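Fair warning: this is a prediction, and the values are worked out from it, not measured in the lab. For the numbers below, each heavy atom of this structure counts, side chains included, while hydrogens, waters and symmetry mates do not.
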Amino acid sequence: QLQLVESGGGLVQLGGSLRLSCAASGFTSDYDAIGWFRQALGKEREGVPCISRIGSRTNYVNYVKGRFTIPRDNAKNTVYLQMNSLKPKGKAVYYCAAERSTYTSRSYCLIGPSKYDYWGQGTQVTVSS
């Protein structure tokens, strides 16, 4: 089974940048995609970006396009969430998750959280004004 651990959360100023990390262990090829999600207090969990294991194809929710990226380091089994120009809406608990492998050559990812099977414990991001 795949295990995921997030890190890098903290306090950041409005308009600032922060990089979150999602380190994978266990069966580190047993997934089709990894996504980042956030959940603000009292809100539903929502997808932010995702990246496919094959081809590293990415998909971003509209309101983060041009500000967030999802780079990966295969040697470290780590996927990052680079967040720039953070807005007040950025305050949330951020989770990374992996979609269980379909053992196909699928090279796309979907942002919806219901598609994902393995979840990390989350890391808190607070944006101060």
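- Atom NZ of K65 is surrounded by more than 12 heavy atoms from other residues, nucleotides or ligands within 6.0 Å.
- When every heavy atom of V79 is checked against every heavy atom of I70, the shortest pair comes out as CG1-CG1, 3.5 Å.
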For this session: Report the C-alpha separation of W36 and C22 in whole Å, then their side-chain angles, then the decisive distance to 0.1 Å, and conclude whether the side-chain contact (heavy atoms from CB on, under 4.5 Å) test is met.
Result: CA-CA 9 Å; W36 280 99; C22 174; 3.5 Å; yes
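- A donor-acceptor contact shorter than 3.5 Å links the side chain of S101 to the backbone of Y103.
- For S17, the side chain to side chain contact (heavy atoms under 4.5 Å, CB included) test picks out Q82, N84, with sequence neighbours left out.
- Residues T78 and D73 bring no donor and acceptor atom of their side chains to less than 3.5 Å of each other.
- Nearest heavy atoms, S85 versus R67: O-NH1, 2.9 Å.
- Screening residues 97-129 for disulfide (SG to SG under 2.5 Å) gives C50-C109 as the qualifying pairs, with residues at least two apart or on separate chains.
- If you run side chain to side chain contact (heavy atoms under 4.5 Å, CB included) between P49 and each of N59, T58, L81, only L81 comes through.
- In this structure, the side chain to side chain contact (heavy atoms under 4.5 Å, CB included) partners of A92, at least two apart in sequence or on a different chain, are R38, A40, Y94.
- With Q121 contributing its side chain and E6 its backbone, the two residues share a donor-acceptor pair below 3.5 Å.
- Other residues, nucleotides and ligands contribute over 12 non-hydrogen atoms within 6.0 Å of the CD atom of Q124.
- Note on residues 120-129: no pairs pass salt bridge (charged side-chain N to carboxylate O under 4.0 Å, His left out), not counting sequence neighbours.
- Applying the salt bridge (charged side-chain N to carboxylate O under 4.0 Å, His left out) criterion to R57, with sequence neighbours excluded, gives no partner residue.
- For the ring pair (Phe, Tyr, Trp, His ring centres under 6.0 Å) condition, no pair includes a residue of residues 54-75, sequence neighbours left out.
- Contacts of E44 classified as side chain to side chain contact (heavy atoms under 4.5 Å, CB included), with partners at least two apart in sequence or in another chain: none.
- The salt bridge (charged side-chain N to carboxylate O under 4.0 Å, His left out) contacts involving residues 84-103 comprise E99-R106, R100-D117, where partners must be two or more places apart or lie in separate chains.
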For this session: Quick one: do T126 and V12 satisfy side-chain contact (heavy atoms from CB on, under 4.5 Å)? Show the steps, please.
Result: CA-CA 6 Å; T126 300; V12 60; over 6 Å; no
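- Annotation for L11 and S128: closest pair CD1-CB, 3.9 Å, computed over non-hydrogen atoms.
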Problem set entry | Residues L14, L86; criterion side-chain contact (heavy atoms from CB on, under 4.5 Å); working and verdict | CA-CA 6 Å; L14 187 65; L86 277 162; over 6 Å; no
Problem set entry | Criterion side-chain contact (heavy atoms from CB on, under 4.5 Å) on S21 and Y80, from CA distance to verdict | CA-CA 4 Å; S21 300; Y80 303 95; 3.3 Å; yes
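- When all heavy atoms of I34 and A98 are compared, the pair lying nearest together is CG1-CB, 4.0 Å.
- Judged purely by atom type and a 3.5 angstrom limit, D32 uses its side chain to pair as donor or acceptor with the backbone of T102.
- The hydrophobic cluster containing F37 also includes V93, Y95, Y116, W119, under a criterion of side-chain heavy atoms closer than 4.5 Å among ILVMFWY residues, counted directly or through chains of members.
- Taking every heavy atom of both residues into account, A24 and L2 meet most closely at CB-CD1, 4.0 Å.
- Side-chain N or O atoms of R53 include one that pairs as donor or acceptor with a backbone N or O of Y31 at under 3.5 Å.
- Scored by the side chain to side chain contact (heavy atoms under 4.5 Å, CB included) test, S56 finds I51, R72 as partners (sequence neighbours excluded).
- For D30, the salt bridge (charged side-chain N to carboxylate O under 4.0 Å, His left out) test picks out no residue, with sequence neighbours left out.
- The closest side-chain heavy-atom distance from Y118 to Q1 is below 4.5 Å.
- Counting only residues at least two apart or on different chains, no salt bridge (charged side-chain N to carboxylate O under 4.0 Å, His left out) pair has a member in residues 7-27.
- Hydrophobic clustering (side-chain heavy atoms under 4.5 Å, transitive across Ile, Leu, Val, Met, Phe, Trp, Tyr) groups V64 together with L20.
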